[in-house]
Amino acid sequence: MSIQTAMSAVTQTGAPGSNKDRVFIFDTTLRDGEQSPGATMTFEEKLEVADLLDAMGVDIIEAGFPIASDGDFEAVQAIAKRIKRATVAGLARAINADIDRCGEAVRHAARSRIHTFVSTSPIHLNHQMRKSEEEVLAIIASTVARARNLVEDVEWSAMDATRTPIDYLCRCVDAAIKAGATTINLPDTVGYALPEEYASMFRTVRERVANSDKAIFSVHCHNDLGLAVANTLAGLSGGARQIECTINGIGERAGNAALEEVVMALRTRADILPFMNNVDSSMLLRASKLVSAASSFPVQYNKAIVGRNAFAHESGIHQDGMLKNAQTYEIMTPESVGVFKTSLVMGKHSGRAAFRSKLRDLGYKLGDNALEDAFKRFKDLADRKKHVYDEDIEALVDDQIGQAGERIKVEALTVIAGTMGPQTATLTLSVDGAQSTKQTTGNGPIDAIFNAIKAIVPHGAILELYHVEAVTEGTDAQAEVSVRLHEDGRSVTGKCADPDTMVASARAYVAALDKLLAKRLKGASAAAG
Ligand code: KIV
Ligand code: ZN
């Protein structure tokens, strides 16, 4: 049975013994998410995210945009080779070279998909593509057919579908299905639609297009008006059965619909949303932390489902209710999304076994080497800090994940700050194993440190963001520093937590610079052929 036949069979009948329709979860964290400014991930980080998505039960992983760069191609290809359960998709414009490159990247997957798209709205056709409606229809037919020659499973997207006149949208969908598309995605590319409009667009297209039952319809919503999740759920009521979303809602501009919000809405309101999916919701927090660490995108405190405050109760009335019965103020349990509170207090006397068990409770599964490394860092932190909170341990492990594969390391730092001036930093970095020390001054200690980094590793990157926040309370709290650098049209972010703000700042800057170096090297080796 082909993938599509299998999917259709499930969609029409739901799970055996269930009256619920199966909804397919398509995660695009590694494509639409990674595309957002500052969210760039390294090759290793992408593999780690893909593995977690697969383990979590996501149905389709959009692993990247293979024609975009050699790095993207290599990541999609490596993910295609290692993922056992999920379908691995790559994105391709409606251009033959894109489709062929994408086909090559996903070729080795156990289940592979080419996702090709073209704009359909008048504003895109007239101003961006400068093509007529008839020309675009011909492009859809030929590019979908080309993709279908390479793989059985082809998704076609009508970019800016929600600003496309419905008659023309129906003709495009008809052409795509006739050419062999097995999934039809109607994105709200600019986050413009309202829920009822979005639902109605799906209803109309499915009613009017003759062979609409031959394809699965998909939602893909951007969050420009804060309606991405609401529109996603509305799309289901219009007949869509695939949801495109990202962990933490990262993505172009205001982002995409957040996977964790969609999954928990489906689960919590199953009374009126009769759909089933395979995502193990107890892995949501872990996925959120991993993506936040890998993309260096912080999760806002009040973010639904995975924010630090999502299950915190501050007001007296709420706390009183919670003590009497958690359901008074909680519509889902913290455990259902992977928040586990334990009574294990960590400090400098805690041993390896307690540390391992704490990590497990916090949702981390580290290999032996990574665990040993984390344990050493934990001991070092516990020597300097009286109480080591869960948040401290999370910050420590997230840093480690974010800095895997680093080429530049902070070996030593001394800073002179205060009213006397000039503020001075003496910094030793090792770059690819070779140590170098510089002393520089600056307009404040942080400026002096960043000048020292520039003196050792000359670069033209612009500092776009410098952000410090305390991981916990108290004067000995760790400072979590984010640094975003911009070079050649790309932004990268580095993060680090340490009780010493100066050290955290130096390490965060170096982590960002490391990502830029990795990119430069990839660019150079691609140019060399
Ligand atoms: O938002 C969008 O339209 C997209 C397409 C490429 C599917 O991301
Ligand atoms: Zn998008």
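Both counts, for ligands and for their atoms, begin at 1 and track the order of listing. Everything numeric here is computed off the predicted structure, so don't read it as measured data.
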### Query
Could a heavy atom of His115 be found less than 4.0 Å from some atom of ligand 1?
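Checking ligand 1 against His115, which is what was asked, there is a heavy-atom contact under 4.0 Å.
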For [Y], is there an ion pair with [X] - N to carboxylate O distance below 4.0 angstrom?
{"X": "Lys84", "Y": "Asp51", "answer": "no"}
{"X": "Asp213", "Y": "Arg206", "answer": "no"}
{"X": "Asp280", "Y": "Arg286", "answer": "no"}
{"X": "Glu104", "Y": "Arg107", "answer": "yes"}

#### Entry: Short N/O/S contact of Glu252 with the Zn ion (ligand 2) (below 2.8 Å)
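It does not: Glu252 brings no N, O or S atom closer than 2.8 Å to the Zn ion (ligand 2).
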Heavy-atom contacts with [X] under 4.0 Å: which atoms of ligand 1 show up? List them by number with element.
{"X": "Ser157", "value": "7 (C)"}
{"X": "Met159", "value": "3 (O)"}
{"X": "His222", "value": "1 (O)"}

### Task
Search all heavy atoms of Thr120 against all heavy atoms of Cys172 and return the closest pair with its distance.
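Where Thr120 meets Cys172 most closely, the heavy atoms are CG2-SG, 3.8 Å.
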### Query
What residue pairs, at least two apart or across chains, pass ring pair (Phe, Tyr, Trp, His ring centres under 6.0 Å) with a residue in residues 262-304?
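Counting only pairs at least two positions apart or across chains, no ring pair (Phe, Tyr, Trp, His ring centres under 6.0 Å) contact touches residues 262-304.
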### Counterpart residues, side-chain contact (heavy atoms from CB on, under 4.5 Å), relative to Leu285 (two or more places apart)
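Expected list: Lys289, Val306, Val339.
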### Query
At the Zn ion (ligand 2), what's the angle from His222 NE2 to His220 NE2, rounded to 10 degrees?
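Rounded to 10°, it measures 100°.
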### Query
To which protein heavy atom is atom 4 (C) of ligand 1 closest, and what is the distance rounded to 0.1 Å?
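Sorting protein heavy atoms by distance from atom 4 (C) of ligand 1 puts His220 NE2, 3.5 Å first.
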### Query
For atom 5 (C) of ligand 1, which protein heavy atom lies nearest, and how many Å away is it?
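Here the closest protein heavy atom is Arg31 NH2, 4.0 Å.
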### Query
For ligand 1, is there an N or O atom under 3.5 Å from any N or O atom of Thr189?
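Yes, since at least one N or O of Thr189 sits under 3.5 Å from an N or O of ligand 1.
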### Message
Can you confirm, on distance only, whether ligand 1 has an N/O atom lying under 3.5 Å from any N/O atom belonging to Glu244?
### Response
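No, since none of the N or O atoms of Glu244 sits under 3.5 Å from an N or O of ligand 1.
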### Message
Distance to the ring centre below 6.0 angstrom and angle to the axis at most 45 degrees; does that hold for Arg484 and Tyr466?
### Response
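No, Arg484 does not lie over the aromatic ring of Tyr466.
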### Task
Please name the atom of Asp32, restricted to N, O or S, that is closest to the Zn ion (ligand 2).
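Among the N, O or S atoms of Asp32, the one closest to the Zn ion (ligand 2) is OD2.
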